[in-house]
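Working notes, beginning with the structure itself.
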Amino acid sequence: MTQASPPQSSLENQPDRLAASLFAEVLSADQLSRVLISRVLPRGMQISHFSVLNLLAHVNEERTPAELAEAFHVTRGAISNTLARLEWAGHVHVRPDWDDARRKFVSISPAGRAARDAALAAFMPLIADIVRDIGPDRVRAALPVLRELRQRLETRG
């Protein structure tokens with residue numbers, strides 16, 4: 001059940017209510033997006049797996065587990081668990097750092113790239129439909145505000 005938004009004038013006069021409404025919408029959209037995407041991901045893939053594969057495919061360079069943990073704002077333990085599952089599935093290669101035995105490097109494998117591409121093919125049409133329904137111009141106008149919100153949250157994290 002969706003809640004009716006308070007009248008605009010009442011939100012403008014109460015910054016705390018405006019902030020609460022903004023975060024309620026962001027958190028709801030995040031949760032609903034995760035449910036939508038999770039339902040269509042290839043069998044056995046979780047959003048965290050896709051996220052790591054997507055980043056590795058995008059940067060097309062090795063990353064250390066510490067760099068990945070920092071990029072996703074998760075603990076090293078959490079990223080280690082995700083990497084272990086991805087390595088078991090053959091989606092990433094983990095190799096030691098030849099100069100520092102305490103460190104490892106992670107890269108995406110051809111199977112991982114194929115799994116990432118399959119995941120994108122499964123959920124991008126759903127997201128594209130939503131953007132089309134909302135209207136590309138309205139989505140484009142919202143992006144700077146959402147980007148600034150993310151950046152400010154990153155600096156406070």
Side-chain angles (χ1 to χ4, degrees), residues 1-3 20-136 138-157:
M1 175 180 273
T2 59
Q3 297 178 352
S21 292
L22 172 65
F23 276 83
E25 293 299 333
V26 168
L27 293 173
S28 264
D30 174 65
Q31 181 61 34
L32 293 168
S33 298
R34 289 175 176 278
V35 169
L36 178 75
I37 291 169
S38 292
R39 286 183 181 155
V40 298
L41 284 175
R43 184 181 168 118
M45 184 179 286
Q46 297 174 12
I47 290 176
S48 59
H49 302 166
F50 169 78
S51 297
V52 169
L53 293 175
N54 195 48
L55 182 135
L56 291 171
H58 179 72
V59 298
N60 208 27
E61 292 179 352
E62 294 178 311
R63 290 289 189 259
T64 67
E67 289 169 330
L68 292 170
E70 183 179 336
F72 293 109
H73 308 284
V74 298
T75 65
R76 289 184 187 196
I79 205 71
S80 292
N81 182 43
T82 299
L83 292 175
R85 291 171 186 245
L86 288 170
E87 187 176 30
W88 180 85
H91 293 159
V92 297
H93 299 296
V94 180
R95 71 165 182 87
D97 179 347
W98 308 121
D99 298 325
D100 183 351
R102 297 169 296 174
R103 222 165 55 160
K104 296 178 183 180
F105 285 105
V106 182
S107 61
I108 191 168
S109 70
R113 195 171 295 274
R116 177 253 189 185
D117 292 348
L120 278 173
F123 72 76
M124 281 309 294
L126 302 173
I127 294 172
D129 283 347
I130 293 169
V131 169
R132 225 177 344 272
D133 291 346
I134 293 170
R138 290 177 67 203
V139 172
R140 212 173 281 111
L143 285 175
V145 173
L146 293 171
R147 189 171 293 121
E148 185 173 350
L149 175 64
R150 176 187 48 82
Q151 289 168 342
R152 288 179 184 233
L153 289 169
E154 283 178 339
T155 61
R156 292 182 183 224

Quick one: closest heavy-atom pair of [X] and [Y], and the distance?
X: Ala121; Y: Pro125; answer: O-CD, 3.2 Å
X: His91; Y: Leu53; answer: O-CD2, 3.7 Å
X: Ala69; Y: Ile79; answer: CB-CG2, 3.9 Å

Find the distance between [atom1] ([X]) and [atom2] ([Y]) and round it off to the nearest 0.5 Å.
X: Leu149; Y: Leu22; atom1: CG; atom2: CG; answer: 5.5 Å
X: Glu62; Y: Thr64; atom1: CD; atom2: OG1; answer: 10.0 Å
X: Glu70; Y: Arg63; atom1: CD; atom2: CZ; answer: 10.5 Å
X: Ile134; Y: Asp129; atom1: CD1; atom2: CG; answer: 11.0 Å
X: Met124; Y: Ile127; atom1: CE; atom2: CD1; answer: 5.5 Å
X: Glu67; Y: Glu61; atom1: CD; atom2: CD; answer: 9.5 Å

Qualifying ring-ring contact (aromatic ring centres under 6.0 Å, His included) pairs with a residue from residues 25-78, counting only residues at least two apart or across chains: Phe50-Phe123
Using side-chain contact (heavy atoms from CB on, under 4.5 Å) as the criterion, point out the one residue from Leu146, Ile130, Val131, Asp133 that pairs with Val139. Val131
Considering the options Val94, Leu56, Val106, Val92, which one meets the side-chain contact (heavy atoms from CB on, under 4.5 Å) requirement together with Leu86? Val92
Could you pull out all donor-acceptor pairs under 3.5 Å where a side-chain atom in residues 30-47 meets a protein atom, sequence neighbours excluded?
| unit_1 | atom_1 | unit_2 | atom_2 | d |
| --- | --- | --- | --- | --- |
| Asp30 | OD1 | Arg34 | NE | 3.1 |
| Asp30 | OD2 | Arg34 | NE | 3.3 |
| Ser33 | OG | Ala29 | O | 2.7 |
| Ser38 | OG | Arg34 | O | 2.8 |

Short side-chain donor-acceptor distance under 3.5 Å, Arg76 and Asn81: no
